[in-house]
Structure formats: C-alpha cells, structure tokens
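Residue numbers start from 1 in every chain, and the chains themselves are labelled A, B, ... in the order their sequence lines are given, proteins ahead of strands. Note that these values count all heavy atoms, side chains included, but never hydrogens, waters or copies made by symmetry.
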There are 2 protein chains.
Amino acid sequence: MPLPKLSKLELQIMEVLWNNGPTAIRDIQESFGPKGRPAYTTVQTMVYRLETKKALRRARKIGNAHIFEAVVTRDAAKARLVDEFLSLFGGRMQPVMAQLIEAGNLSSKDVADAEKLLRELAAKKKREA
Amino acid sequence: MPLPKLSKLELQIMEVLWNNGPTAIRDIQESFGPKGRPAYTTVQTMVYRLETKKALRRARKIGNAHIFEAVVTRDAAKARLVDEFLSLFGGRMQPVMAQLIEAGNLSSKDVADAEKLLRELAAKKKREA
DNA sequence: GGCATCCTACTACAACAGTAAGAGCTTAAT
DNA sequence: ATTAAGCTCTTACTGTTGTAGTAGGATGCC
C-alpha cells in the first residue's frame with residue numbers, strides 16, 4: 001500500500017516527525033507534554049507499527065537509540081484523511097462543506113481565507129477550461 | 001453519552017434509517033445493494049450495537065420482525081463527525097478548509113455553493129457583531 | 001569495573017469494528 | 001398439522017488501536 005491508513009495516535013506521532021524532522025522515541029514521547037502523555041513503550045509500539053506500515057523508517061542511530069524519520073509526507077497523509085472523511089459523507093463535497101461551514105467554529109479570518117482560496121481555485125479552473 | 005461515536009458501517013446503517021424512516025433489518029441489509037453487502041447477521045449485530053449505544057431503538061413489530069428507528073439525528077451525528085475530523089487537524093479550521101479545497105475534488109458548482117454559504121455566513125457574523 | 005540509567009525488543013491484553021455461523025422460535029402457506 | 005422460510009438471539013473469531021510491562025543489552029558516570 002502506498003498510503004497506509006493512520007490512526008489518531010499514529011498521526012500525532014507523524015506530526016512530530018513532520019514538524020521536527022528525524023526524532024528519537026524519547027523525544028517524540030516528551031513532545032506530548034507532561035500531562036496525560038502515553039508511556040514510553042506505548043509510543044514505541046506505535047512507532048514500530050508505523051515502521052511496519054512504512055510510514056516512517058530508522059534513519060540512523062545516536063548511541064544505542066534509533067532516530068526515526070517520516071517516509072509518508074504530511075500532504076499525502078492529510079489527503080488520505082480527507083478522502084476517508086469524504087467517503088463518510090458519500091463522497092459528495094457539497095454537504096461536507098456545508099457541514100463544516102455551519103459547524104460554527106469558523107472565525108472571520110477562516111471565512112476570509114476560505115473565500116480567498118475558493119476564488120483562486122475558481123480562477124484556476126477557468127484558466128484550465 | 002448523549003452523542004455516541006459511530007463507526008463507518010454504523011453510519012451507513014443510520015443513513016438508511018435517516019433516509020427511509022423506520023426500517024427492518026432485512027430492508028437495511030438489502031439497501032446495501034446486491035454486491036458486496038454484509039450478511040444479514042452482520043447488519044443485525046451492528047443494529048444491536050447501535051441499540052446499546054442508544055443511537056436507534058425498536059419502534060414496533062411487523063409479524064415477528066422488529067422495526068428500528070433512529071434516535072440520534074443526522075445533524076447531530078454529522079456534527080460529531082466533523083468534530084472528530086477537526087481534532088485530527090489540531091482543531092484548527094483553516095488547514096482543514098485548505099486541504100479540502102485543494103484536494104481537487106471540487107466541481108465548479110461545489111465552489112460556487114461553498115462561496116455562497118461563506119458569504120451568507122460572513123453576513124450573518126456581521127449582523128451578530 | 002561496577003552500578004544506575006536508558007533503550008530495544010518482545011509479549012500481552014482490553015476495547016472496538018467487522019464478520020458471520022448456529023440454534024431455536026414464528027409465521028405463512030398448503 | 002407440516003414444513004419451509006424468515007427472524008431473533010447468542011456466541012465467536014479476526015484485525016486494529018491504545019495501553020503498557022518485562023527482560024536484557026548498551027552506555028555512561030565515577
């Protein structure tokens with residue numbers, strides 16, 4: 001599979017790699033903040049599973065510790081996520097947009113940004129047509 | 001829990017109830033189309049689990065068959081879904097919109113619809129402010 | 001060189017999701 | 001009444017996710 005499915009915690013771990021570059025397990029774990037973070041071996045298990053899924057790989061060693069780096073890109077993973085989500089809405093974009101927009105969590109800036117993106121996209125579509 | 005988490009298949013079953021109103025298990029199963037649909041007892045298991053979660057309930061009987069109806073509304077379930085999804089993006093709306101918009105699956109009509117919604121929302125926000 | 005610390009590798013387990021078979025009760029048709 | 005078809009309930013097994021303990025090897029400090 002070129003694009004393995006990533007669970008929530010797996011995503012959070014990948015997020016660390018995407019943000020920080022190659023990282024050791026200990027540092028991944030500590031990046032979860034001191035409160036309510038998973039145990040070291042929990043993170044370790046997830047990292048191992050991500051390795052099996054080829055979402056990340058061992059880049060090198062420092063001392064006896066492995067340093068892991070992302071193989072899957074953030075964009076690829078997020079695109080996958082969006083697809084998953086869309087499929088729950090029957091793959092139709094419109095109701096998803098509607099739901100998101102009506103969810104009420106949009107700031108004025110979000111609205112403005114979204115409009116800008118949409119206008120750009122519309123222009124691009126026109127050029128391509 | 002007022003809003004139980006619903007899995008993909010559970011959602012699909014609820015979808016039938018939302019679309020068709022109270023429905024028997026057999027009819028739910030058959031609404032999955034003749035190809036690759038889950039076995040009758042698979043649907044049944046899911047319905048029972050949805051009942052435990054109080055997402056649906058037995059409305060009445062026809063012969064010896066139970067007729068189930070949705071308790072959770074479509075909007076509530078979809079809102080829950082949107083929240084889940086947002087949390088995977090760190091709860092920030094903007095990157096989600098960006099990802100969705102850039103995902104490329106938008107038709108011209110989708111773009112127009114979304115713009116319309118956004119304009120209405122912006123106007124509403126302004127009135128409220 | 002010994003001891004505390006850290007990391008790895010392995011193992012385990014509960015919850016949830018998806019899948020479905022089997023036993024037995026109900027109903028409808030003849 | 002008999003019997004077939006349909007439904008209900010119960011039970012069970014697989015895979016995935018999240019959680020973590022334990023054993024043992026490697027490192028580093030003094």
Just the rounded figure in Å: distance from [atom2] of [N] to [atom1] of [X].
| X | N | atom1 | atom2 | value |
| --- | --- | --- | --- | --- |
| Asn64(A) | dC7(C) | CG | P | 7 Å |
| Arg26(A) | dT8(C) | CZ | C1' | 12 Å |
| Ile62(B) | dT26(C) | CD1 | P | 18 Å |
| Ile25(B) | dT26(C) | CD1 | C1' | 15 Å |
| Phe32(B) | dT19(C) | CZ | C1' | 13 Å |
| Ile28(A) | dT8(C) | CD1 | C1' | 14 Å |
| Gln12(A) | dT17(D) | CD | C1' | 13 Å |
| Ile13(B) | dT19(C) | CD1 | P | 10 Å |

Do the side-chain N or O atoms of [X] get closer than 4.0 angstrom to the phosphate oxygens (OP1, OP2) of [N]?
| X | N | value |
| --- | --- | --- |
| Arg58(B) | dC7(D) | no |
| Tyr40(B) | dA21(C) | no |
| Lys53(A) | dT17(D) | yes |
| Tyr48(B) | dT8(D) | no |

Which nucleotide sits closest to the side chain of His66(B): dT27(D), dC9(D), dC7(D)?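 Comparing dT27(D), dC9(D), dC7(D) against the side chain of His66(B), the answer is dC9(D).
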Distance-only donor-acceptor check, side chains Tyr48(A) and Gln44(A), under 3.5 Å: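 There is such a pair (donor and acceptor under 3.5 Å, judged by atom type) between the side chains of Tyr48(A) and Gln44(A).
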Look only at the side chain of Asp27(A) and the backbone of Thr23(A), and say whether a donor-acceptor pair between them is shorter than 3.5 Å.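 Not confirmed, Asp27(A) side chain does not pair with Thr23(A) backbone.
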Measure from the side-chain N and O atoms of Thr45(B) to the backbone N and O of Thr41(B), and report whether any donor-acceptor pair falls under 3.5 Å.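 Confirmed, Thr45(B) side chain pairs with Thr41(B) backbone.
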How does each nucleotide of nucleotides 19-24 of chain D score, in 5' to 3' order, for protein heavy atoms under 4.0 Å: base (B), sugar-phosphate only (S), or none (-)? BBBB--
Less than 4.0 Å between a side-chain N and a carboxylate O, is that true for [Y] and [X]?
| X | Y | value |
| --- | --- | --- |
| Lys5(A) | Glu10(A) | no |
| Glu51(A) | Arg58(A) | yes |
| Arg37(A) | Glu30(A) | no |

Any idea which heavy atoms bring Pro4(B) and Arg80(B) closest together, and the distance?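 Closest pair (atom of Pro4(B), atom of Arg80(B), distance): C-NH2, 4.1 Å.
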Taking any heavy-atom pair under 4.0 Å as a contact, classify Lys5(B): base, sugar-phosphate, or nothing.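 Since no nucleic acid heavy atom lies under 4.0 Å of Lys5(B), the category is nothing.
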